[in-house]
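A quick write-up on the structure given underneath.
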There are 2 protein chains.
Amino acid sequence: MRRVPARNPRTPTGPGASATLADVARGAGVSKTTASDALRGHGRVSDATRRAVLDTARRLGYTPNRSARSLRTSVTDTIALHIPEFLTSAEYYMSFVFGVAEQAARAGLNVTLVSSGRLPQADGLILCDPMPDNPVVDQLMTAGLPVVTAERYGGDSRPTGVIWSDHETSLTELLDHLRARGARRPALIASDSAADWALTLQHTYDRWCAQHGVQRLLRKAPFGSSPEVLRGVVGELLAEAPETDAIVCAADGAAAAVLPEIRSAGRVVGEDLLLASCVDSLAMRTAEPPITSIDLRPRHMGAECVRLLCEILAGETPRGTTRTLAIDMIVRASTDS
Amino acid sequence: MRRVPARNPRTPTGPGASATLADVARGAGVSKTTASDALRGHGRVSDATRRAVLDTARRLGYTPNRSARSLRTSVTDTIALHIPEFLTSAEYYMSFVFGVAEQAARAGLNVTLVSSGRLPQADGLILCDPMPDNPVVDQLMTAGLPVVTAERYGGDSRPTGVIWSDHETSLTELLDHLRARGARRPALIASDSAADWALTLQHTYDRWCAQHGVQRLLRKAPFGSSPEVLRGVVGELLAEAPETDAIVCAADGAAAAVLPEIRSAGRVVGEDLLLASCVDSLAMRTAEPPITSIDLRPRHMGAECVRLLCEILAGETPRGTTRTLAIDMIVRASTDS
DNA sequence: ACGATGTGCCGGAACGTTCCGGCAAAGGAG
DNA sequence: CTCCTTTGCCGGAACGTTCCGGCACATCGT
């Protein structure tokens with residue numbers, strides 16, 4: 001049990017060491033209190049003094065020590081971010097992450113990634129697409145931190161804030177669009193996941209079918225299914241139900257992955273089979289033909305989550321607030337040739 | 001200049017408040033020093049005492065306050081991560097991020113995202129695919145922190161550590177493979193970027209052509225080019241140089257994006273035109289036909305960067321260490337029908 | 001003249017850790 | 001027995017910040 005070799009914890013006194021508040025105070029000829037007040041904009045400080053402090057701070061390259069600050073105030077200026085690990089949705093999640101990162105930077109917040117259940121010290125938490133059957137998610141939900149979720153959470157606990165998109169309306173719009181383009185028997189390749197998003201899509205499809213008096217053509221593929229699996233599902237669908245004249249794919253990327261299978265079934269997309277996706281991506285834009293899809297605007301989603309979290313943390317917005325993020329259908333050649 | 005409404009900085013004394021070291025010490029009937037030593041495994045503590053401390057700590061749900069710790073020791077147990085913002089490479093970067101996150105969690109480190117130049121307080125920095133002409137990257141390189149880059153850095157400053165892949169060898173292997181499959185005039189659609197990776201590919205291609213006495217068929221597309229642009233480039237290539245019998249695409253996703261263009265030029269991939277990609281992805285696996293490509297193993301790359309950074313921070317590995325990450329060619333139908 | 005009010009500034013405690021330098025008791029060598 | 005070493009523990013300072021509660025001085029109304 002020997003003591004570790006004493007690493008000197010003192011800041012190196014060379015010019016490389018970052019300046020402390022005391023340095024700034026000394027440099028400006030004021031007390032720590034005044035220096036702090038001047039920098040933070042608190043207290044009563046004359047304009048001349050404030051300027052002097054700000055000036056020396058800049059001159060010395062002063063950066064406040066976040067640890068000290070957060071030790072004192074117990075605010076960390078940090079938000080934690082959890083995203084599900086599905087490479088099929090890499091583009092969506094990556095955009096989301098950038099949205100979060102950018103907005104957080106704008107608000108002066110750090111973003112730290114949480115992968116395991118071990119929650120880093122943070123002021124709040126953003127959960128992207130939380131699935132109630134994910135133990136990590138459940139753990140994070142009940143950690144006592146303010147939580148904002150991107151999309152609604154189907155589990156027991158209530159998030160502190162929610163940003164969600166009205167998939168019901170947009171899928172309805174999409175199905176109406178297909179119908180207007182002549183499709184009478186649209187099928188849904190649903191994502192078999194417990195996520196609220198997936199559930200809503202199925203539910204919406206069911207209702208739409210009922211309202212229009214058409215029989216459902218529903219197939220489920222597990223969330224995060226490989227393209228091979230998806231192709232299999234679509235192949236089966238087209239074999240069993242050749243009357244299918246439109247296919248809507250729920251899962252990210254699925255519609256593009258499924259194109260070859262449709263072709264090899266002898267159907268031609270945009271002509272005798274309409275194809276659409278519930279989530280837009282590069283693959284949809286560049287598929288041949290380009291695929292009509294719903295732009296989920298993940299980047300905005302990320303930014304909005306941060307915004308809401310900040311407002312809740314600042315007490316400007318009540319806990320339990322829920323907001324919608326507008327999403328758009330983008331019509332492309334796959335349904336409009 | 002009014003004072004802000006005094007938010008009480010004291011920890012709430014209720015049972016919801018997380019226990020402090022002093023609480024643990026009191027609970028175990030020892031001093032803070034002994035409690036700390038017992039928990040950290042430092043100093044000289046009898047087994048009985050250690051057990052008692054560990055026990056009360058668990059009982060009280062003690063979590064060390066990271067801010068206090070890092071204030072005292074000036075280590076933050078945090079690494080900063082920067083990734084370029086190219087949605088075309090979403091899958092690669094996302095995998096990389098998960099590799100980093102996972103390995104960091106294993107090492108007990110937090111990962112914080114850096115988007116702007118504003119560097120969060122961290123012990124070290126990981127730069128993914130740093131491009132020397134990116135001002136943010138340059139800024140981060142010279143911030144004085146230990147930096148590990150994924151792929152080599154072409155700029156002036158030297159990173160503290162580097163993990164890179166031997167693209168020269170793997171591209172050579174790929175070109176040899178194409179030749180063995182009968183291709184005599186392979187073209188390279190290069191990524192026109194200052195990243196070391198892109199440069200190496202071009203250079204390797206040049207050399208290979210020289211060695212085999214074949215004339216180069218090189219086309220450049222700006223890094224992050226839209227699929228439309230890429231298609232244009234390939235269309236032009238096939239029109240201007242119909243003798244092209246193989247195409248290697250450098251950029252992530254490009255090979256798949258370009259497939260329709262090849263088809264509409266009347267060529268059939270895997271038959272009279274071989275197609276390969278320098279970076280593997282879902283799109284390559286699921287293209288029709290599946291596309292031969294080089295698996296860059298981004299997840300391992302991320303993990304290795306963290307590992308190296310940790311070793312350097314611990315002083316186990318000298319600064320300036322450079323390591324290679326093995327990458328593999330995966331042969332698929334696009335070159336092997 | 002005097003108190004009241006406001007302005008500008010500061011001393012110093014506190015946040016929760018780590019760890020230096022002790023000190024007392026126990027054990028061992030002579 | 002004495003002297004020395006080892007073991008087990010602890011007091012308290014320090015890290016850099018925030019902010020409470022002051023204090024001195026100026027200004028102003030009466």
Side-chain angles (χ1 to χ4, degrees), chain A residues 1-13 17-53 57 60-77 121, chain B residues 1-13 17-53 57 60-77 121:
Chain A
M1 295 305 155
R2 73 186 167 73
R3 203 168 272 269
V4 301
R7 211 176 34 75
N8 191 337
R10 248 159 320 182
T11 335
T13 35
S18 82
T20 153
L21 183 63
D23 297 334
V24 175
R26 201 172 320 116
V30 298
S31 73
K32 279 185 308 161
T33 302
T34 305
S36 174
D37 282 350
L39 289 167
R40 293 272 81 72
H42 291 176
R44 292 176 304 205
V45 183
S46 73
D47 267 3
T49 311
R50 181 185 313 282
R51 245 190 301 276
V53 170
L60 300 183
Y62 169 69
T63 318
N65 181 314
R66 282 189 117 101
S67 304
R69 164 133 64 181
S70 94
L71 172 60
R72 182 65 235 262
T73 60
S74 66
V75 348
T76 59
D77 282 344
Q121 248 140 42
Chain B
M1 293 305 154
R2 73 186 168 73
R3 203 170 272 269
V4 301
R7 209 177 35 75
N8 190 338
R10 246 159 322 184
T11 335
T13 34
S18 83
T20 154
L21 184 62
D23 297 334
V24 175
R26 201 172 320 116
V30 298
S31 73
K32 280 185 307 163
T33 302
T34 305
S36 174
D37 282 349
L39 289 167
R40 296 269 81 72
H42 290 175
R44 291 175 305 205
V45 182
S46 73
D47 267 4
T49 310
R50 179 183 314 280
R51 245 190 301 277
V53 170
L60 299 183
Y62 169 68
T63 318
N65 182 314
R66 282 188 116 102
S67 304
R69 164 135 60 184
S70 94
L71 172 60
R72 180 66 235 261
T73 61
S74 66
V75 348
T76 59
D77 282 344
Q121 248 140 41

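In the text below, chain A, chain B and the rest are named by the order of the sequence lines, each starting its count at 1.
Residue pairs meeting the salt bridge (Lys or Arg N to Asp or Glu O under 4.0 Å) criterion with at least one partner in residues 20-30 of chain B, sequence neighbours excluded, are B/Asp23-B/Arg26.
Closest contact between the side chain of B/Leu71 and the listed nucleotides D/dC15, D/dG11, D/dA13 involves D/dC15. The nucleotide whose nearest atom lies closest to any side-chain atom of B/Arg69 is, among D/dC9, C/dC10, C/dT17, C/dT17. Set against D/dG16, C/dC20, C/dG16, the side chain of B/Thr33 has C/dC20 as its closest nucleotide. Comparing D/dC10, C/dT17, C/dC10 by their closest approach to the side chain of A/Ser31 singles out C/dC10.
For A/Thr63, the side chain to side chain contact (heavy atoms under 4.5 Å, CB included) test picks out no residue, with sequence neighbours left out. With sequence neighbours excluded, no residue forms a side chain to side chain donor-acceptor pair (under 3.5 Å) with A/Ser36. The side chain to side chain donor-acceptor pair (under 3.5 Å) test applied to B/Thr49 returns B/Ser46, not counting sequence neighbours. In this view, B/Arg69 satisfies the salt bridge (charged side-chain N to carboxylate O under 4.0 Å, His left out) rule with no residue, not counting sequence neighbours.
The CZ atom of B/Arg66 sits 13 Å away from the C1' atom of C/dT17 (whole-angstrom rounding).
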Write down the protein N/O and nucleotide N/O pairs, taken from nucleotides 5-8 of chain C, whose separation is under 3.5 Å; answer none if there are no such pairs.
from, atom 1, to, atom 2, distance (Å)
C/dG8, N7, A/Arg44, NE, 3.3
C/dG8, N7, A/Arg44, NH2, 3.3
C/dG8, O6, A/Arg44, NH2, 3.0

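Within 3.5 Å, no donor on the side chain of B/Ser67 pairs with an acceptor on the base of C/dG16, nor the reverse.
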Decide yes or no on side-chain contact (heavy atoms from CB on, under 4.5 Å) for B/Asn65 and A/Gln121, but give the supporting numbers first. CA-CA 8 Å; B/Asn65 182 314; A/Gln121 248 140 42; 4.0 Å; yes
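Side-chain nitrogen and oxygen atoms of B/Thr20 include at least one within less than 4.0 Å of the OP1 or OP2 phosphate oxygen of C/dT17.
Along DNA chain D, the nucleotide nearest B/Gly29 and the nucleotide nearest B/Ala68 are compared for position; the residue whose nucleotide lies closer to the 5' end is B/Gly29.
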